[in-house]
Number of protein chains: 2
Amino acid sequence: MEAAINTLVNQFKTFAGNDGSADTLSKEELRSLVSSQLPNFVKNSSDPAVIDQLMSSLDQNNDGELTFIEFWQLIGRLASKHGGFSQ
Amino acid sequence: MEAAINTLVNQFKTFAGNDGSADTLSKEELRSLVSSQLPNFVKNSSDPAVIDQLMSSLDQNNDGELTFIEFWQLIGRLASKHGGFSQ
C-alpha cells in the first residue's frame, strides 16, 4: 500500500508543479491530470463542463486551486465508486 | 494513478473480508492491515494504544467498523504527511 500511496503523492506533485503554486492544482493542471491519469475513472474529461463541475465540487475554500487533501477527496470518491462501496 | 487506486481498494477489501462485514474494517482488521501494509507510515502499530487512537479518530459514526471512506481519510492524512504537504 505504501508504494501505491507514494505513486499518488508523486503524480499529484508532478502535475501540481506545472504552473503557479507547486503544492496545489489549478483547473488546467487538474484537467491535465484527469485526462492523462484517470481516463477510465473520469469520463468525458475533454468536456470543459466536466472539469468545471469537478473543480467546484472539490475546491472547498473556492480559491481556484486544489490542495492535496481536496484532491484526495476526489480520488476517494472515484475509488469508492469503482470499488462498489455504498456512498 | 488508476492502478495505484485499484491497489488501495483491493487491499482494503482483502483485509475487510477477514471477519464480519466484508465491506468494513474492524479494529483487528485495521491492526492487521496497518502492521503489514503501512509499516513505515504508521509507527508502533504493535502498540494497542496506537490502533485504539487511530480507530477512534477515524470511526466517525462510532460503530467499531471503518468504512472505505473512513479508511480513505487515514491514508490521505498519512499521504499528506509523507508528501510534506501542510496539514
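Just so it is clear, the model here is predicted, and its values are computed rather than measured. In what follows, chains are A, B, ... by sequence order, proteins preceding strands, each numbered from 1. Just the heavy atoms: all of them, side chains too, but no hydrogens, waters or symmetry mates, feed the values below.
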* **Per-residue contact mode, Phe68(B) against chain A (heavy atom under 4.5 angstrom)** => side chain

* Phe12(B), part contacting chain A, at a heavy-atom distance under 4.5 Å -> both

* **Side chain Trp72(B), main chain Ser80(A), donor-acceptor under 3.5 Å** => no

* From Ile75(B) atom CD1 to Leu8(A) atom CG, the distance as rounded to the nearest 0.5 Å -> 8.0 Å

* Atom pair CG (Asn40(B)) and CE (Met1(A)), whose distance is rounded to the nearest 0.5 Å -> 14.0 Å

* Residues in residues 46-64 of chain A near chain B [non-hydrogen atoms, under 4.5 Å] -> none

* To do: Can you check whether anything in residues 14-39 of chain A gets within less than 4.5 Å of chain B, heavy-atom wise, and list it by number?
  => Asp23(A), Leu33(A), Gln37(A), Leu38(A), Pro39(A)

* **Which atom of Ala79(A) lies closest to which atom of Ile5(B), heavy atoms considered** => CB-CG2, 3.5 Å

* Distance-minimising heavy-atom pair for Phe41(A) and Glu2(B) -> N-OE2, 2.9 Å

* Criterion side chain to side chain contact (heavy atoms under 4.5 Å, CB included) on Asn6(A) and His82(B), from CA distance to verdict -> CA-CA 8 Å; Asn6(A) 283 334; His82(B) 199 74; 3.1 Å; yes

